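Here's the structure, in structure tokens; my notes come after.
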Amino acid sequence: MNHRFATIAIPLAVDGAFHYGIPQDLSEKIQVGMRAVVSFGAKRFYTGIVTGISQDCPTSIKDIKEVLLLPDERPIVSLSDIAFWNWLATYYMCTLGEVLRAALPAALLPESRTEVIYNEEFVEEIALNDLELQIISILTSEKKASLSLDAIQKKLNRPAISAFTHLISYGAIKLKEDISSRIKKLPKERVVRIAAPFNESDSSLNSLLNDLKRAPRQVELIEKIMEHIFLKELDLNSYLSVDLICNQNTSLRGAMNALLKKGVLEDLYRTPQPEIEKTHIYQPLQPYTDNKDIAPITGLCSVLYKQNIEEKEEIIIDLIHRELSCGKQVLCITPEANRPYSDNDLIGKLKQKFHSYLRVYNSRLSEGKKLSLWQELIQTEAPLILVGARSSLFLPLNNPGLIIVDQDQDYGMKQQDPAPRYHTRDAAICLAQIKGAHALIASETPSAETLYNLNTDKWKSIVPYIPERVEMPPIEVIDLDKLYRQKRLQSDNLVSPQLEQDIKDALDRHERILLIQNRRGYSPYIKCKSCNTRISCPHCSVSLTYHKGTNLMMCHYCGYTMSVPKICPQCHNPEHTLTPFDFGSERVEEEISQLFPKAKVVRIDADILQSKKKMEDIMFQIDMGEVDILVGTQIIAGMPIWDNISLIGVMRLDNILAFPDFRAHERAYQLLYQLALRTHRQAKTGGVKAKIVLQTKDPQHPFIDELKSGDYNEFIMGQLEERNLCEFPPFTRMTIIIIKCKDKMITHRTAGLMTNMLRSYMPQVTIDMRIPSIERVELMYIREIVVRRKANQYSEERTAFGRVIQEIKLRYPDSKRCRIYFDVDPL
DNA sequence: AGCACGCCGACT
DNA sequence: GTCGGCGTGCTC
């Protein structure tokens, strides 16, 4: 008997590979890269990926289970994808299963919750046992016709996985799951059409367009609809998919809502019509003429460092054009893909130039949309341009020529919480190597790491590399401490008289104002005036932020909320002694609204971004020119809000600079510098000239002069010098070991012991234990061990980590209560 | 991750 | 006496 075995990666944080027998009837079909459904543990099954097939049993374990099902006809990932996953798991020290979870859309990995159905064509050849018959009768009597294993087990009140898997192998029941059936379950799509009487003739439409002259967005939308109708040779009154027309362009969605209200458009929901949705009408590419100024990309990784955003985007578009005309696919990862964008942004421009070749991928896409994109990509080597958030790194590209990482200094480039904690820039370079493509890092403010590699010639610049210096807009510094001391500003207020005057002037000139306050909520803490206690989170060692909008106290670390107490819980002073202290974006919004009651003030922060609807409304208002003052946290910086802004106010610069992190200054510089670049661009194209006002309690900070000079390069060189002296990256490589446990003592002792053991194994390496500034989150105490080593001490470090993890459990059994994980190259 | 098993304290 | 909390170990 020719029995073979498959190695299956299971999407769980479990170490090691799992092996399953391959039943005879699947032996012909099975291939590496296919999905496989297997039973795992006593009562669950998972969908995993076949990562290997072997003749001999690769393990000594006796009772090997068999693969239950191969849901696909072909592999859904390639060998190179699996190689990439393995690299990520090894380098970032997590399990392959965790990488799998991050890599595949959830809809491709159904588990015990997945529904099963009775197979009507089933002929009973082998007598079924009682339990098996019970399952069949539950399934056939059920009105819903389909049930999950979990639901069946609940009904039977006992585990039933073995009977269940037998029934699957007999063919009596089928998993209600494969790519196509999932797509059929797609929610209905929303479609719109031009309503009567406007859809009757070209002339009725033209008079409509004439009436809409004052609403350029709405005209644009109608023109977009007409373009589709023309391309597909449809009737004037045909319905078109809303997603197809406006995709994520929020201002168009706003315009659409306006037209719906007026009755110019009408909408309905219907089942997606694949022939329109799926067939992409490929327009021939314009022939590519080589741009002599851009060197051909040669090495593995190159850099595009341009402070003129327009020029940077033009070069990116040119490079993409070059790849497409060579028949290659391009992946472009940019933080823009996660935010609303406009036609002036990179994505908007790509859409105009390559629209039939462009696919946008981000986490906000519905599962059905993600699946159809996977399906398309698996089957094709045709030229395509994929723009996405960091997760698009995992898309199954068959023929990539170029992988672009835009804005590599962005904080979101590194995945933080669930593992794999990978850096998109570094992972993209590895992916390019594995897939035989080139990597390109593009930014107007590249990270210090990237500039370091450029200066040491490790990476090459594709344009002549001349450090630029941008003429900064006028920067005014306001000393808040002095104002508070002189009582020219009340402690309850944050808007200085100077800033107030500037805002007033800008409003008089009908120009827009942007105010940055780096914390969301109303005030970061509420304090009792009589006993001085702050109200803090019961689960974390932070104070609760007061949110006035919801009238709740909220923990920004664990999400805990409580209503605002009337009386101090500590001293029970009957007077209302609890007072909000310090400022968040909500409070700035309130103060501004009170100072300028006639102005339209809008706030954008993570709380607002949560609601897609609110965000769309706001972007629409901004687009229509209705907003006078924008108040936001730093997420506002990358959004398409740049029209007519003439004043940028930073409410508390010292707060941004005081962040306890060796990259804090760099981040602040990048933020403010990018703001300046954007106003610069606007002034060049005939718009208003802008001014920056920095409010701070520390006006002497050297950062301010460095910013005024506008020399990003020199600033980063200074930062690098400091990092060199302090032995920080990129001069060392950093890994943080995070130790968490409910018991404070155990956490602390485990971390201390591990630090000592690591030091004895790696005497040449700098190892420090530290108590994080927030030492307790979600009831878990945290300690961190910071390891800084030389680049060539990689394997030494990994061996030491392995030994310490093993040994600590032996020598100090309490440490088994700790959760230990790693953050490699932390941000 | 999720689940079972086993150990201890709080109750009808 | 048993119920159920959590700590520990296993999953091919």
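Being a predicted model, the structure only gives us computed values, none of them experimental.
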Review item, side-chain donor-acceptor pairs of residues 742-754 of chain A, under 3.5 Å, at least two apart:
from	atom 1	to	atom 2	distance (Å)
A/Asp743	OD1	A/Met745	N	2.9
A/Asp743	OD1	A/Ile746	N	3.0
A/Lys744	NZ	A/Glu775	OE2	3.4
A/Thr747	OG1	A/Cys741	O	3.4
A/Thr747	OG1	A/Asp743	O	2.5
A/His748	ND1	A/Arg783	NE	2.8
A/His748	ND1	A/Arg783	NH2	3.4
A/Thr750	OG1	A/Ile746	O	2.6

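Between the side chains of A/Gln415 and A/Arg390, a donor-acceptor pair is found at a separation under 3.5 Å. At a cut-off of 3.5 Å, with distance as the only test, no side-chain donor of A/Lys809 or A/Ser815 sits close to an acceptor on the other residue.
Among residues at least two apart or in separate chains, side chain to side chain donor-acceptor pair (under 3.5 Å) pairs with a member in residues 11-22 of chain A are A/Thr7-A/His19.
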So which protein N/O to nucleotides 10-12 of chain C N/O distances come out below 3.5 Å?
from	atom 1	to	atom 2	distance (Å)
C/dT11	O3'	A/Gly41	N	3.2
C/dC12	OP1	A/Gly41	N	3.4
C/dC12	OP2	A/Lys65	NZ	3.0
C/dC12	O3'	A/His19	O	2.7
C/dC12	O3'	A/Lys65	N	3.0
C/dC12	O2	A/His19	N	2.9

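The CD1 atom of A/Ile820 sits 15 Å away from the C1' atom of C/dT8 (whole-angstrom rounding). Distance A/Asp417 CG to B/dA1 P: 10 Å, rounded to the nearest Å.
In this structure A/Tyr361 satisfies the ring-ring contact (aromatic ring centres under 6.0 Å, His included) test with no other residue, sequence neighbours excluded. When the side-chain contact (heavy atoms from CB on, under 4.5 Å) test is applied to A/Arg733, the partners found at least two apart in sequence or on another chain are A/Tyr91, A/Arg789, A/Ala791.
Two rings, from A/Tyr422 and A/Phe84, have their centers 6.0 Å or more apart. For A/Tyr92 and A/Phe822, the distance between ring centers is not under 6.0 angstrom.
Using a 4.0 Å cut-off on heavy atoms, the residues of residues 805-819 of chain A that approach DNA chain C are A/Lys816, A/Arg817, listed by number.
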